[in-house]
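All figures in this text were calculated on a predicted structure; none of them were measured in a lab.
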Amino acid sequence: MADTLTIIDNRTGRQYEVPITDGAIRAMDLRQIRTADDDFGLMTYDPAFQNTASCRSRITFIDGDKGVLLYRGYPIEQLAERSSFLDVACLLLDGELPTADQRQAWTSAITAQQRPPAGSERLLPGFPRDAHAMGVFVSLVGALSTYYPDAKKVTDPDNRRRQIERLIGHVPALGAWAYRHNRGLPLVEPDPSLSYAGNFLRMLFKEDGREYEPHPVLERALDILFILHADHEQNCSTNAMRGIGSSHADPFSSLAGAAAALYGPLHGGANEAVLRMLLEIGSTDRIPEFIKRVKAGEVRLMGFGHRVYKSYDPRARIIKRTADEVFAVTGRNPLLDVAIELERIALEDEYFVKRRLYPNVDFYSGLIYQAMGFPVEMFPVLFAIPRTAGWLSQWDELMRDPEQKIARPRQLYVGPSRRDVPES
Ligand code: SDX
């Protein structure tokens, strides 16, 4: 049997052979299917791209039915247990885990970029004191494009690498600045002697005039959470990164757009929404009443469901295990009992079982962040910082892909046909 699709257009009786490659047909192969010479040809209609591959990628693979997540072929469970976030960032970008020498060079390159450009901290007073941390983060990332005009040379691989190192190095400070601004606290300069996660914790929580040492359990837990959030195929925010990047915009502007997409409550804003949902439910005895509202379509069970995973999100399983280690240090988060009971009920309830709705990466992460002292508005920032490595890996892959060009979807026009403006 050949790897082709035979299509018979019943409007004309004509038959077409369309090749099948990697389990897909090229949408452009459908344009030959016409009813007349001036017919534009057949298109596919796929709102929200539920069944459309936008690119070929070698970075991340998900099997939603089996709950499998691989970064460059390595299972997420093994990377969370045996690797570090910076090693994983290197893996996503370069395709291999670094050797000891490569790790040294990579860590030095990122550490050299821990401090955003001098003067960029003067942007902060322009934000309201109660500005949402993610709104500040998105704005600061975009603003950095004005400090690095050389970032526009997007077709130069060496220049791309320099911007990639700048962004991965800078984003922890940008996140910490948003947090410190909200609290009217002085900014804390980066400490190059600390790990990526440790330096971030110190820039957030160091008290004036006192030394700060990150707790090793919390530092490792955050590093694992960063690994779990680093990349995830062509999700909404990565699609934004690729879409903006396809116009050859600089990576700071593209990444600001990706972070803006992540801010949405259906995407990266879900971990904040989960915490607010658990706080609203308050206690396990109020869960049945909430489930009733979900089934009535009044509210969504935030932290549940996924476009790809139709089984347990493997990241949620790891996060749930990491929560126990964090709570052993911080004290148990009382909302954990509500979350565990909510999960137990949902996993047995026909409404959720029929729709294959399981806990996703956001369901438990917020509980850990809250226990570690992060306010809920910092949760999407905690997602954006590690996902910066994934967004940039996908962007770099886009820029190297000879098949790619500026993204411009078609549409099915269903509006009014030509008409004349009435004579006045
Ligand atoms: C992330 O793509 C990624 O990889 C994203 C991410 C990443 O790492 O980048 O994994 C991170 O964004 C995880 C998802 C975080 N979002 C949430 O937890 C918000 C709550 N989840 C839903 O809004 C929803 O599940 C989505 C948005 C995640 C997925 O939505 P889909 O695939 O478009 O599914 P759908 O909206 O078409 O829903 C199918 C059915 C519907 O019911 P019916 O119309 O068939 O009756 O399932 C229902 C939906 O109403 N449904 C839910 C639900 N999610 C879907 N019902 C209640 N609660 C939910 N959470």
Side-chain angles (χ1 to χ4, degrees), residues 3 5 20-27 44 46-83 85 87-97 224-242 258 261-262 266-268 270-271 301-322 343 346-347 352-365 383 386-387 389-391 393-395 397-398 401 403:
D3 280 341
L5 203 60
I20 297 171
T21 313
D22 299 330
I25 61 169
R26 297 182 77 94
T44 56
D46 188 9
F49 312 123
Q50 298 191 72
N51 192 42
T52 294
S54 64
C55 63
R56 290 177 187 281
S57 181
R58 294 174 176 76
I59 299 172
T60 295
F61 174 75
I62 302 172
D63 180 328
D65 287 328
K66 299 194 184 93
V68 168
L69 169 55
L70 308 177
Y71 287 166
R72 300 284 189 176
Y74 291 113
I76 193 71
E77 295 83 354
Q78 293 182 16
L79 290 169
E81 193 181 318
R82 305 175 193 167
S83 191
F85 169 70
D87 277 11
V88 166
C90 191
L91 169 69
L92 292 172
L93 281 161
D94 297 340
E96 296 298 337
L97 286 164
I224 289 171
L225 284 159
F226 281 0
I227 290 171
L228 299 177
H229 286 85
D231 193 55
H232 212 237
E233 284 192 1
Q234 305 310 313
N235 56 82
C236 177
S237 53
T238 296
N239 184 56
M241 183 80 191
R242 282 178 170 261
L262 187 73
L266 293 188
H267 189 10
N271 52 16
L301 182 52
M302 301 311 278
F304 263 68
H306 199 277
R307 175 66 55 77
V308 179
Y309 289 122
K310 297 310 174 189
S311 62
Y312 215 100
D313 184 333
R315 300 169 297 177
R317 207 187 303 282
I318 299 166
I319 289 174
K320 196 172 171 183
R321 199 167 56 237
T322 306
E343 175 185 353
L347 293 183
F352 301 95
V353 172
K354 186 174 82 167
R355 292 168 176 79
R356 302 180 73 186
L357 301 175
Y358 292 84
N360 59 45
V361 66
D362 294 304
F363 189 62
Y364 285 104
S365 56
F383 198 145
R387 186 55 61 91
W391 287 328
S393 308
Q394 298 274 350
W395 170 69
E397 186 176 65
L398 163 86
D401 186 342
E403 283 195 309

Can you list the residues that meet the ring-ring contact (aromatic ring centres under 6.0 Å, His included) rule with Tyr358, with sequence neighbours excluded? none
Mind checking side-chain hydrogen bond (donor to acceptor under 3.5 Å, both in side chains) for Asp22 and listing every partner two or more places apart, or none if nothing turns up? Arg56
Given side chains that start at C-beta, do those of His229 and Arg315 come closer than 4.5 Å, heavy atoms only? no
Evaluate the side chain to side chain contact (heavy atoms under 4.5 Å, CB included) criterion for residues Asp231 and Gln394: first the C-alpha distance (whole Å), next the side-chain angles of each, then the deciding distance (0.1 Å), finally the verdict. CA-CA 9 Å; Asp231 193 55; Gln394 298 274 350; 3.1 Å; yes
Asp63 side chain to Val68 backbone, donor-acceptor under 3.5 Å: no
Give me the one residue out of Leu228, Val361, Ile319, Ile76 that meets side chain to side chain contact (heavy atoms under 4.5 Å, CB included) with Pro314. Ile76
With a 4.5 Å limit on heavy-atom distance, are the side chains of Gln50 and Arg307 in contact? yes
Taking the side chain as everything from C-beta on, heavy atoms only, tell me whether Tyr309 gets closer than 4.5 Å to Asn360. no
Note, Phe85 side chain near Pro386 side chain (heavy atom, < 4.5 Å): yes
Euclidean distance, Thr44 OG1 relative to Ile25 CD1, rounded to 0.5 Å: 8.0 Å
Arg58 CZ to Glu397 CD distance, which is reported to the nearest 0.5 Å: 6.5 Å
For the side chain of Asp46 and the backbone of Asn51, is there at least one donor-acceptor N/O pair under 3.5 Å apart? yes
Nearest heavy atoms of Leu357 and Phe304, plus distance in Å: O-CD2, 3.7 Å
State whether the side chain of Glu233 and the backbone N or O of Ile62 hold a donor-acceptor pair below 3.5 Å, judged by distance alone. yes
When rounded to the nearest 0.5 angstrom, what is the spacing between CZ in Arg387 and OG in Ser237? 5.5 Å
Mind listing the closest non-hydrogen atom pair of Ala389 and Ser393 along with its distance? O-OG, 2.6 Å
What's the separation between atom CD1 in Ile224 and atom CD in Glu81, rounded to the nearest 0.5 Å? 9.0 Å
Ala240 to Ala258 - nearest heavy-atom pair and separation: CB-CA, 4.1 Å
Once side-chain hydrogen bond (donor to acceptor under 3.5 Å, both in side chains) is applied, do any residues pair with Arg356, and if so which ones, sequence neighbours excluded? Asp65
Counting N and O atoms only, with roles assigned by atom type, does the side chain of Asp313 sit under 3.5 Å from a partner on the main chain of Pro359, one being a donor and the other an acceptor? no
About how many Å separate CH2 of Trp391 and CG of Asn239, when rounded to the nearest 0.5 Å? 13.0 Å
Grab the two heavy atoms, one from Ile227 and one from Ser83, that are nearest each other, plus how far apart they are. CD1-O, 3.6 Å
Hey, are the side chains of Asn235 and His267 touching, using non-hydrogen atoms and a 4.5 Å cut-off? yes
Does atom CZ of Arg355 have more than 12 heavy-atom neighbours, drawn from other residues, nucleotides or ligands, at distances under 6.0 Å? yes
Mind telling me whether His232 and His306 have parallel, tilted or perpendicular rings, with 30° and 60° as the class edges? perpendicular
Gap between atom OG1 of Thr60 and atom OH of Tyr74 - 0.5 Å precision: 14.0 Å
Quick check: does any side chain N or O of Tyr364 sit under 3.5 Å from a backbone N or O of Thr322, one acting as donor and the other as acceptor? no
